[in-house]
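Taking it in order: structure first as structure tokens, then the write-up.
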Amino acid sequence: MEKKEQTTGKKKLGLQIAVTGIVLLVLVWILLQHSFKSGASSEQLLQIASEFNKSYPVMVDDYTRLDDATVLKDSVLQFNFTLINTAKEDVDMVAIQEDLPPAIISDVIKNPLMKILRDHQVTIIYHYKDKNGKFVYKFPVTPDLYETK
């Protein structure tokens, strides 16, 4: 019985991480809507990351802190999160790997606010670490995952 409750709790954490990513995308859209002229250059993404980083770190929910945004190269923006109350060994990786990607991809495809990201083929990387700074999970949302047929 206790094992089932622990698994359920870990799955809830995975879903909360997914929701965190979706909320973040809506925030990104607001800045991107006014920043892109044509294509997604490193310069444009650096400007966006700089604006976001002025207000970071920020608590996204009771479990997740958004630490900062970094530009890795043209059209690639990474958001760095910390699971503030969770150690890596307590994370249900199976639940995260099953629940997180489909939820984020679905939102990017269906959410009209994400159109600007799709139009400019931005790759957004969600990078998570635990409360001790240990790497937990990284999920890139690439254009091939959200391009509609």
Roughly how far, to the nearest 0.5 Å, is [atom2] of [Y] from [atom1] of [X]?
X	Y	atom1	atom2	result
E147	T142	CD	OG1	8.5 Å
D99	D92	CG	CG	8.5 Å
T70	I125	OG1	CD1	8.0 Å
K129	L83	NZ	CG	10.5 Å

> Same hydrophobic cluster for F139 and M93, using side-chain heavy-atom links shorter than 4.5 Å among ILVMFWY?
Replying inline: yes

> Do L100 and I109 belong together in a cluster built from hydrophobic side chains that touch within less than 4.5 Å?
Replying inline: yes

Are the side chains of [X] and [Y] in touch, meaning some heavy atoms are under 4.5 Å apart?
X	Y	answer
I96	V91	yes
K131	T86	no
I84	M59	yes
Y137	P101	yes
V76	V71	no
N80	L66	no

> Can you check whether K134's main-chain N or O pairs, donor with acceptor, with N132's side chain at less than 3.5 Å?
Replying inline: no

>> Donor-acceptor check, side chain of D130 to backbone of K88, threshold 3.5 angstrom: yes or no?
In response: yes

> Between V141 and Y146, is a side-chain contact (heavy atoms from CB on, under 4.5 Å) present by the stated rule, with each step listed?
Replying inline: CA-CA 8 Å; V141 180; Y146 61 71; 3.8 Å; yes

>> Using a strict threshold of under 4.0 Å (side-chain N to carboxylate O), is an ion pair present between R65 and D67?
In response: yes

> If you measure only the distance, is there a donor-acceptor pair under 3.5 Å linking the side chains of D68 and N53?
Replying inline: no

> Taking the six-membered ring for Trp, are F135 and H127 ring centroids under 6.0 Å apart?
Replying inline: yes

> Nearest heavy-atom pair of L145 and P140: which atoms, and what distance?
Replying inline: CD1-O, 3.6 Å

> Using 30° and 60° as the class limits, which term best fits the ring planes of Y126 and F79: parallel, tilted or perpendicular?
Replying inline: tilted

